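Here is the structure we will look at, set down as structure tokens.
Note that the structure is a prediction, hence the values are computed from the model and not measured. Each chain gets a letter, A, B and so on, in the order its sequence line appears, and its residues count up from 1.
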There are 2 protein chains.
Amino acid sequence: MKHKTQQRKALMECLHEARGPLSPAEILWFSREKVPSLGIATVYRNLKLLVEEGFVAELQVPGQGSYYEPADMDHHHHFQCRNCKQLFCIPGCPPGITSLAPEGFKLDGHEIFLYGRCSECTQ
Amino acid sequence: MKHKTQQRKALMECLHEARGPLSPAEILWFSREKVPSLGIATVYRNLKLLVEEGFVAELQVPGQGSYYEPADMDHHHHFQCRNCKQLFCIPGCPPGITSLAPEGFKLDGHEIFLYGRCSECTQ
DNA sequence: ATACTTGCAAAAGTTTTGCAGGTTA
DNA sequence: TAACCTGCAAAACTTTTGCAAGTAT
């Protein structure tokens with residue numbers, strides 16, 4: 001049976017308060033406001049644990065390692081701003097996606113990344 | 001003005017002979033058949049150069065670093081087999097993709113990754 | 001009391017950089 | 001010969017692991 005530590009609680013709170021997926025470094029930064037002694041190894045260990053237990057979803061971002069978000073979100077994809085680098089969640093999914101797989105290939109998942117400028121950085 | 005070295009030529013040949021995008025380690029492995037003394041630093045330096053000059057396209061694969069392919073290919077996406085991990089090129093693109101961006105966001109590119117089992121690994 | 005967790009520091013994996021020597025034009 | 005490149009080894013990063021000490025139940 002797992003113990004509910006301050007550290008683990010702080011991580012989950014951060015993820016729920018965030019506007020989008022966070023990197024381990026961002027999670028460390030924000031969580032230290034609640035648990036100043038927190039170390040990066042603990043962040044990685046807990047993220048792994050929380051992903052295994054199904055509370056957190058891992059998002060592997062091309063060229064930028066893994067980001068994390070609460071697992072209880074509906075199916076969605078992401079937009080990354082080329083200027084501020086922030087990741088935004090995009091609800092929905094193009095309908096034709098499942099017909100792209102070639103003959104004989106069995107499709108069981110997909111990931112879409114949109115790139116451009118967010119509304120803040122467009123101005 | 002750049003010099004045409006054996007090393008650089010070997011890299012480009014490998015990429016053209018490959019059935020899909022290659023990782024730096026794979027490129028090193030295959031290129032050493034042509035230039036046995038080749039070092040990994042040279043692979044990284046030349047890939048960077050070839051990308052900058054527009055001869056090679058970098059594909060940042062979620063969770064697996066960068067892969068490389070010749071830049072003269074038509075717009076396409078990729079399928080990764082969960083079993084053998086190989087990357088396959090997928091021609092085409094779902095039509096609804098451009099309408100996913102939220103109001104006020106300027107979209108200038110996108111990347112799609114399909115996951116599942118390739119025809120070899122389905123059997 | 002026992003099982004689980006933490007922070008630190010060391011280790012491991014990947015990509016980049018400094019440099020002396022070698023290659024290309 | 002002058003500019004450019006290479007291989008090696010060291011450096012920089014990011015992520016993982018071992019361990020002694022601390023915390024939750």
Which atom names give the shortest non-hydrogen contact between A:Gly104 and B:Thr122, and what distance separates them?
O-OG1, 3.6 Å
Angle separating the five-pair end axes of the helix from C:dA1-D:dT25 to C:dA25-D:dT1, nearest 10°, is 30°
Tell me which residues in residues 7-19 of chain A lie within less than 4.0 Å of DNA chain C, going by non-hydrogen atoms.
A:Gln7, A:Arg8
Between B:Asp108 and A:Arg117, is any pair of side-chain heavy atoms under 4.5 Å apart?
no
Would B:His77 and A:His110 count as a close aromatic pair, with their ring centres under 6.0 Å?
no
Sequence neighbours excluded, which residues qualify as ring-ring contact (aromatic ring centres under 6.0 Å, His included) partners of A:His78?
A:His76
Can a donor-acceptor pair be found between the side chains of B:Gln86 and B:Glu120 at a distance below 3.5 Å?
no
Return yes if a side-chain donor-acceptor contact under 3.5 Å exists between A:Gln80 and A:Gln64, otherwise no.
yes
Starting at CG of A:Leu49 and ending at P of C:dT5, how long is that distance when rounded to a whole Å?
7 Å
Can you tell me the distance, in whole Å, between the CD atom of B:Glu26 and the P atom of C:dT14?
12 Å
Value in whole Å for how far the C1' atom of C:dT5 lies from CD of A:Glu53:
13 Å
Comparing nearest nucleotides in DNA chain C, the 5'-proximal residue of the pair B:Ser66, B:Lys4 is B:Ser66
So does A:Glu17 pair up with A:Lys34, basic N to acidic O under 4.0 Å?
yes
Does the side chain of A:Thr42 pick up a donor-acceptor pair with the side chain of A:Gln7 at under 3.5 Å?
no
A:Glu58 has an atom CD; how far is it from atom P of D:dT14, in whole Å?
17 Å
Assert: residue with more 5' nearest nucleotide on DNA chain D, out of A:Thr5 and A:Lys48, is A:Lys48
Ring centroids only, cut at 6.0 angstrom: are A:Phe79 and A:Phe113 within range, meaning strictly under it?
no
Nearest whole angstrom, please: distance from the C1' of D:dG7 to the OH of B:Tyr44.
16 Å
Got a list of protein N/O to nucleotides 8-13 of chain D N/O distances below 3.5 Å?
none

Start with the C-alpha distance between B:Ile27 and B:Arg32, add both sets of side-chain angles, then the distance that settles side chain to side chain contact (heavy atoms under 4.5 Å, CB included), and finish with yes or no.
CA-CA 8 Å; B:Ile27 294 168; B:Arg32 274 189 165 164; over 6 Å; no
Listing time: all N or O pairs from protein to nucleotides 20-22 of chain C that are below 3.5 Å?
none

Between B:Phe55 and B:Pro70, is any pair of side-chain heavy atoms under 4.5 Å apart?
no
With heavy-atom distances below 4.5 Å as the criterion, would you say the side chains of B:Arg45 and B:Leu49 are in contact?
no
Given side chains that start at C-beta, do those of A:Ile112 and A:Ile97 come closer than 4.5 Å, heavy atoms only?
yes
Using whole Å, report how far CG of B:Leu47 lies from P of C:dT15.
10 Å
How long is the line joining NE2 of A:His3 and P of C:dC4, in whole Å?
7 Å
Just jot down the ring-ring contact (aromatic ring centres under 6.0 Å, His included) partners of A:Phe30, sequence neighbours excluded, or say none.
none
Take atom CD of A:Gln60 and atom P of D:dT14, then tell me their distance rounded to the nearest Å.
17 Å
